[in-house]
Structures are given as C-alpha cells and as structure tokens.
Amino acid sequence: MTEQQPGERNNNSVTPSVEGGKSPESNVNMDVSTNIVKGTIATTDTDTDIDTGIDTDTGTTKDTHAEMVIITDSIAGTNAEAGTNISLDTYVGAEASKGASANASGRSSRILIVTAVDAEKDAILRGLGDHAADHFDVIAAGVGPASAAAGTAAALAFASAAASAPKLAQGSAAPEESDAAQASAASWPGPARGTGDGSPAYRLVISAGIGGGFPGRAPVGSLVVADAMLAADLGSQTPDGFLSVDELGFGSSRVAADAELAARLRHELQRAGLAVSGGTAVTVSTATGTAETAAELLRRVPDAAAEGMEGFGVATAAQQFGLPVLELRGISNAVGPRNRDAWRIKDALDALQAASSILREVITS
Ligand SMILES: O=C(O)c1cccc(C(=O)CC[C@H]2O[C@@H](n3cnc4c(=O)[nH]cnc43)[C@H](O)[C@@H]2O)c1
C-alpha cells in the first residue's frame, strides 16, 4: 500500500488479516458481507462483560465465553474509505496485550497512542525510536471522532480481555479447567495472551496527530499538549445560538487531560527547544473553514488552542475504560478560512516526531 498522507483518500481494496471463512488455527470467523470478525475469549470471570464491555454469554457453567465482535476497518467501508488500515493484528498483535509489560506492582506500563492516519502513526513511531514496542502501541484508527472512539475502544477491549484471560491461555491450564475453556483460550486469535491476573493492559491513552492551530495561540509547526478535549460541535443549533450537550442535559462534551502529565510533557518539550502550548483541543466532525466559524469557536471556547477531529473520541473511550488521556497535536494549518495549499503537513509531522522522542523520555524516565 502506498504511504497515505492526512486527508488523502485511499480506495485500495484491502486484504483482511484474517481471510474469509474459518481460520484453521482459531475459531475466528470473518463475515466479509457484514464487515465483522467474531471469535470467543475464554474467561472464568462472569464479570468480564463489565470489565471489558464485551457481551458475555452468562451460561450455567463456570466458564463463560465472551464474544468479541471487531469492526475491522481493513474491510469496513467507512474507514477503508478514510484510508486507514487497522487489521485484526493491530489489536491482538504481539504488543497489544503483552502480559510481560506489567511492572513490578502488577500495573501495566504500556501506553496506547491513537492517530487518525498512517502518516501520523509513522511519524510517531520514528520519534519513539527502535524500542517503541517496549512501552507503546501506536494505531491509526481513522479520521473523525467516531472512528477514533471505536478504534480506541476496540484496542482497549482486546487488551482488557487478554489481561483477564485465564493463565491456561499461556499454556498453564489448571487441571480442573474444562476442555471447552481450554479449547477457547487456545483459540485466542493472535500471539497475544492474557496474564490472567486482570492487570490493566494500558495505563495511559494518547490521541495524537496533526491539527489546526488557533491564530495567536498555536502557530503552524508548533505543538499543542491539550489541557482538555472538547467536542465543539456536539449539541444543537438553536435560533439563539449553539447549545452544547451539557446545556441540553445529555452528558458532557469535555474530557480533562491528565493535568500532571500534560504539564510535565509541555515542560520537557519546551526544555528541548520545541514550541508548545496548552489550552483546549476542540474536536469537530467538520474542519473549520471560515473566519466566522473560527471566531464563533473562540467565543464559545476562549482557551481553544488546537482543532482536530479525533481527540474527544479517543478521550471518551479512554474515560470509559477508566484511563487517563492526553492529546498531542503538531500544527499543520491555521484554524480559519480554508486554504488547503497552505497546510504544512510535513512541518506538523516533523514536530510530532520530535515530540514523540521527548514523550518516550518522559514516559520511560
Ligand atoms: O483538505 C481539507 O480541506 C481537509 C478537510 C478536513 C480534513 C482534512 C484532513 O486532512 C484531515 C486529516 C486530519 O487532520 C487533522 N486536522 C488537521 N488540521 C485540522 C483542522 O484545521 N481542523 C480539523 N482537523 C484538522 C484532523 O484531526 C484529521 O485527522 C483535510
């Protein structure tokens, strides 16, 4: 597949990582017509559905089988059109749920970084360096808040399910485990195996990518490490102006970033000579393209620094899994009148790469 830049559409037909039909080594089925992959996760914990959000069959036997349904955007229409390429391997690959990544306290030390497109993911991987896989999993989940939330939630659910899977999945089955449980655990669709100790697979989620910068707040080529992620267009228009979901009483359009970590990362980025701002990162489904919309956003969100299309989606998924979250944007363009030719995507990706190198030091120090 040719390298895809942010904003480029990719109409390549993509080959799913699990071929249609039943895999000889697992019980994973791919239904190409409905774009879902199904499998079973053996678990001895009937709370697994609560822990993971995965629907469980609460049978009368001790062993239950959590059914996983993964929308793979390798084959799903919307994300394939958006040009992303998440495969089943992305979620259950060697790194995603490494039991070995849990530290001495039993807490995971892994970080999940979610970008929209491969070009952002690649810049981050370059910045993280050769040993990125020791601490980080980086996935490109697609453009927009829905793909971001779905991709993040799927990755977290897989990792969580793997962490809850019984030891027998690693070949250390208790003698009393049923044949069915052993068979199901052995059919986990990938090399990843749970630790069985229920320790969380991730300790932090980061939404990262290029973004628009509000003039005077975040210049092109600089970085924003957000204080909060805000769904700026989640609500309702009224004749008297916009009402947020908060004002409508339907929930919250804001997720706070991990304040201590955001401040530390900004400090270290500055120390390394990089230009970085704080403030709110607004998430929109439609990128701002006029001075009027930019001014209206600033009126409603006075501390807005950056605009992207994924942060709130990633943050919502992380929040639902009880995980802290950050948003990191390399600024490619000014938020305002649309001028695609003026986007400096390479500068933004370079900034993202440089920031990722510092991020690795902050996380691993
Ligand atoms: O060509 C365009 O006008 C255009 C319109 C919408 C989106 C794009 C993208 O390339 C989206 C890719 C990616 O970029 C982030 N991004 C970058 N700048 C902005 C912005 O000013 N407002 C919102 N999002 C922005 C976004 O997170 C997307 O993932 C191109």
Side-chain angles (χ1 to χ4, degrees), residues 3-11 73 78-86 113-124 138-152 206-226 229-234 277 279-298 300-301 304-317 325-353 355:
E3 188 174 73
Q4 171 223 349
Q5 291 298 314
E8 276 185 14
R9 291 169 72 91
N10 175 359
N11 294 321
D73 72 352
T78 48
N79 281 342
E81 276 188 15
T84 60
N85 184 26
I86 297 176
I113 301 182
V114 184
T115 70
V117 299
D118 283 342
E120 295 164 328
K121 172 180 155 179
D122 293 345
I124 287 166
V138 189
I139 64 170
V143 170
S147 290
T152 305
I206 303 176
S207 170
I210 66 167
F214 284 88
R217 307 275 169 80
V220 171
S222 73
L223 293 155
V224 169
V225 177
M229 287 61 73
L230 180 93
D233 54 10
L234 187 59
S277 320
T280 293
V282 298
T283 300
V284 291
S285 293
T286 303
T288 295
T290 67
E292 291 71 29
T293 307
E296 163 68 5
L297 274 175
L298 276 178
R300 286 201 277 116
V301 190
E307 179 182 279
M309 301 172 80
E310 295 81 24
F312 182 76
V314 172
T316 299
V325 64
L326 292 181
E327 179 167 354
L328 169 67
R329 293 272 158 193
I331 303 303
S332 54
N333 58 284
V335 176
R338 180 173 184 258
N339 178 7
R340 190 65 165 78
D341 292 343
W343 282 37
R344 290 192 358 225
I345 291 176
K346 183 174 182 317
D347 291 354
L349 292 174
D350 287 349
L352 209 52
Q353 178 177 334

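Remember, it's 1-based here, ligands and their atoms both numbered in the order they're listed. Everything quoted here is computed from the prediction, not taken from an experiment. For the numbers below, each heavy atom of this structure counts, side chains included, while hydrogens, waters and symmetry mates do not.
The shortest N or O to N or O distance between Gly212 and ligand 1 is under 3.5 Å. Among the atoms of Gly144, none of the N or O lies under 3.5 angstrom from an N or O of ligand 1. Looking at ligand 1, you won't find any N or O of Glu120 less than 3.5 Å from one of its N or O atoms.
Taking Ser285 as the reference, nothing meets the side-chain hydrogen bond (donor to acceptor under 3.5 Å, both in side chains) condition, with sequence neighbours excluded. Annotation: side-chain hydrogen bond (donor to acceptor under 3.5 Å, both in side chains) contacts of Ser332 (sequence neighbours excluded): none.
The nearest non-hydrogen atom to atom 17 (C) of ligand 1, considering only Gly211, Gly213, Ala348, comes from Gly211. Closest heavy-atom approach to atom 15 (C) of ligand 1 among the candidates Ile210, Thr115, Asn333: Ile210. Between atom 2 (C) of ligand 1 and the options Arg338, Arg329, Glu310, Glu307, the minimum heavy-atom separation is to Arg338.
With Thr115 contributing its side chain and Val117 its backbone, the two residues share a donor-acceptor pair below 3.5 Å. Of the possible donor and acceptor atoms, none in the side chain of Glu307 sits under 3.5 Å from a partner among the backbone N and O of Phe214. Between the side chain of Glu120 and the backbone N or O of Ala116, at least one donor-acceptor pair lies under 3.5 Å. In terms of modelled atom types and a separation under 3.5 Å, the side chain of Ser277 and the main chain of Arg217 share a donor-acceptor contact. Between the side chain of Ser222 and the backbone N or O of Pro219 there is at least one donor-acceptor pair closer than 3.5 Å.
Using a 4.0 angstrom heavy-atom cutoff, Gly209 does not count as in contact with ligand 1.
Here the CD1-CG distance, from Ile210 to Asp347, works out to 11.0 Å after rounding to the nearest 0.5 Å.
Proximity to Ser332 (heavy-atom distance under 4.0 Å) selects the following atoms of ligand 1: 17 (C), 18 (N). Each of the following atoms of ligand 1 lies closer than 4.0 Å to a heavy atom of Arg340: 1 (O), 2 (C), 3 (O), 4 (C), 10 (O), 30 (C). Set against the non-hydrogen atoms of Ala116, the atoms of ligand 1 under 4.0 Å away are 29 (O).
Contact annotation for Val117 and ligand 1: no heavy atom of the residue comes within less than 4.0 Å of the ligand.
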